Every structure is written in structure tokens, then in C-alpha cells.
Amino acid sequence: MAAFSREQPVELEMAERTASVERNTLETQIKVSINLDGTGKAKFDIGVPFLEHMLDQIARHGLIDLDIHCKGDLHIDDHHTVEDVGITLGQAFAKAVGDKKGMTRYGHSYVPLDEALSRVVIDFSGRPGLQMHVPFTRAVVGGFDVDLFQEFFQGFVNHAQVSLHIDNLRGTNTHHQIETVFKAFGRALRMAVELDPRMAGQMPSTKGCL
């Protein structure tokens with residue numbers, strides 16, 4: 001009788017999903033490093049404390065390691081720095097996800113904070129699009145112009161090539177509104193970039209490409 005044998009499963013080595021991007025203009029000099037399969041470690045040297053606080057939410061809730069350094073023209077205002085950090089972070093994500101094979105692709109999250117509640121839905125579709133509906137109750141938080149977050153997310157969307165829907169469903173405290181948006185964004189990213197073992201390296205699209 002032939003000896004019984006069972007083929008052992010082959011363990012596939014997962015490629016590192018990391019990226020480092022530098023972007024230098026006359027307005028900002030930025031370096032972003034990310035690890036999509038990190039533990040939520042964050043290191044920032046941007047010069048805009050409230051933006052750094054929000055980026056920390058992305059790292060912590062997305063379990064994405066972020067290292068962002070920026071020297072910008074803050075003597076003028078925060079606009080170029082905030083927008084260009086969004087652009088460079090988007091470029092880093094586009095590089096880190098690679099061909100997107102085996103990736104979940106879609107992500108969503110609802111996050112509350114006291115009276116505030118926000119929903120974020122993302123699709124790594126290869127097509128940029130932003131729908132952001134956040135009725136801020138104040139124009140400024142701690143000296144930060146909250147309108148700049150629209151510029152941050154638009155920059156991210158354009159360069160990460162994602163479709164992003166952001167809705168603040170309720171909230172009266174502007175800090176809470178923004179923080180729920182960024183926490184939900186981090187968690188939606190975490191879901192979307194997660195590798196799905198059932199996909200077995202397949203492209204998450206009937207088109208065969210993204």
C-alpha cells in the first residue's frame with residue numbers, strides 16, 4: 001500500500017507594503033514614509049500642531065506607521081503645508097499599495113466622539129473623487145483654519161487615486177467633528193488596505209485592473 005502523504009501548504013512571503021516619498025517645491029519640502037502593515041507608530045515634524053494631532057489619529061486607528069517631516073512657508077499661513085502634506089501622503093499610499101492585488105479595496109467606518117458622529121467611506125478605485133460634507137460649527141480651532149482640511153483631503157484623493165466620501169452626521173463641537181472624521185478615515189483606510197486571504201492575490205475588480 002502506498003504511503004499516505006499530504007501536500008503541505010505553501011507559506012507565501014508577503015511583500016513589504018512601505019513607501020517613502022519626497023516632494024520639494026518653493027513652498028514646502030516634505031518627506032513621508034509609511035508602512036501599511038505597521039502598528040500605528042507616528043512621528044511628525046510639520047509645525048502645525050493641530051494637523052499633527054489629526055494625523056496621529058490616522059496612524060493609531062489605521063495601524064499605519066507614519067513618519068512625516070515638512071518645512072513649509074508657515075510665516076505666510078498653514079495652507080501650503082496642509083495641502084502639500086495631503087498630496088505627499090496620497091503619493092505614498094499610491095506607491096505602497098502597489099498593484100492592489102489581494103487588497104480589500106473598500107473601507108468604511110462610523111466613529112462617535114461624545115455628541116459628534118462621522119462616517120467615512122473609501123474606494124481605492126484608481127479614480128480620484130471627493131465628497132466632503134462637514135458643517136463646521138466654527139471656522140477656527142486653536143488658531144487652525146478648519147477649511148484647510150478640505151484641501152488636505154483633496155490633495156490626498158488626487159494623488160492616492162481614491163474615491164472618498166466624508167460625512168459628519170452630527171456634532172456641535174468643531175474639534176469633535178474633525179477628530180471623528182480623522183478617526184473614521186484611519187479606520188476606513190485600515191479596512192481598505194487589508195489583504196483579504198480569500199482573494200489569493202487576485203485583483204479586486206472585474207476589470208482586471210485598478
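All residue numbers refer to positions in the sequence shown, counting from 1. Source: prediction; values computed, not measured. These numbers come from the heavy atoms of this one structure, side chains and all, not from hydrogens, waters or symmetry mates.
Side chain of Ser125 to main chain of Arg127: a donor-acceptor pair is present (N/O by atom type, distance under 3.5 Å, no hydrogens or angles). Proximity of a side-chain donor or acceptor of Asn173 to a complementary backbone N or O of Glu115 within less than 3.5 Å is not detected. At least one donor-acceptor pair under 3.5 Å links the side chain of Thr174 to the backbone N or O of Arg138. When atom types are taken as modelled, the side chain of Asp65 and the backbone of Gly40 share a donor-acceptor pair closer than 3.5 angstrom. Looking only at distances, a side-chain donor or acceptor of Gln57 sits under 3.5 Å from a matching main-chain atom of His53. The backbone N or O of Val21 sits nowhere less than 3.5 Å from a side-chain atom of Lys31 that would complete a donor-acceptor pair. Under the 3.5 Å distance criterion, the side-chain polar atoms of Ser205 are matched with a main-chain donor or acceptor of Lys207.
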Test ring pair (Phe, Tyr, Trp, His ring centres under 6.0 Å) on Phe156 and Phe93 and set out the steps. CA-CA 9 Å; Phe156 178 87; Phe93 265 87; 5.4 Å; yes
Please determine whether side-chain contact (heavy atoms from CB on, under 4.5 Å) holds for the pair Met54 and His175, giving the CA-CA distance in whole Å, both sets of side-chain angles, and the decisive distance to 0.1 Å.
CA-CA 10 Å; Met54 292 302 113; His175 189 135; 4.2 Å; yes
Show me the donor-acceptor pairs, under 3.5 Å and distance only, between side chains in residues 160-169 and residues at least two apart or in other chains.
from	atom 1	to	atom 2	distance (Å)
Gln161	NE2	Asn158	O	2.8
Asp167	OD2	Arg119	NH2	3.4
Asn168	OD1	Gln177	NE2	2.9
Asn168	ND2	Leu117	O	3.2
Asn168	ND2	Ser118	OG	3.0
Asn168	ND2	Arg170	O	3.0

Just distance, no hydrogens or angles: give the donor-acceptor pairs under 3.5 Å from side chains in residues 194-204, sequence neighbours left out.
from	atom 1	to	atom 2	distance (Å)
Asp196	OD1	Arg198	N	2.9
Gln202	NE2	Met199	O	3.0

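Residues that satisfy the side chain to side chain contact (heavy atoms under 4.5 Å, CB included) test with Ile46, not counting sequence neighbours, are Phe44, Val48, Leu51, Glu52, Leu55, Ile68, Cys70, Thr81, Val85.
Between Phe185 and Phe153, the distance separating the two ring centers is shorter than 6.0 angstrom. Taking the six-membered ring where the residue is Trp, the centroids of Phe182 and Phe152 are separated by under 6.0 Å.
A continuous path of ILVMFWY side-chain contacts below 4.5 Å connects Leu89 to Met132, so both sit in one hydrophobic cluster.
Proximity of His133 to Pro135: side-chain heavy atoms (C-beta onward) are nowhere separated by under 4.5 Å. Side-chain contact between Tyr110 and Val121 is absent, with no heavy-atom pair separated by less than 4.5 Å. Taking the side chain as every heavy atom from C-beta outward, Val181 and Ile178 never approach each other to under 4.5 Å. At a threshold of 4.5 Å between non-hydrogen side-chain atoms, the residues Ile34 and Thr18 do not count as touching.
Annotation for Arg60: atom CZ does not count as buried by contact number, only 12 or fewer foreign heavy atoms lying within 6.0 Å. Heavy atoms from other residues, nucleotides or ligands lying under 6.0 Å from CG of Leu26 number 12 at most. Counted within 6.0 Å of NE2 on His69, heavy atoms from surrounding residues, nucleotides or ligands total more than 12; the atom is thus considered enclosed.
Classification of Arg17 and Asp37 as a salt-bridged pair holds, one side-chain N sitting under 4.0 Å from a carboxylate O.
No hydrogens or angles considered: nothing links the side chains of Thr172 and Thr137 as a donor-acceptor pair under 3.5 Å.
Residues Asp56 and Ala42 approach most closely at OD1-CB, 3.5 Å, considering heavy atoms.
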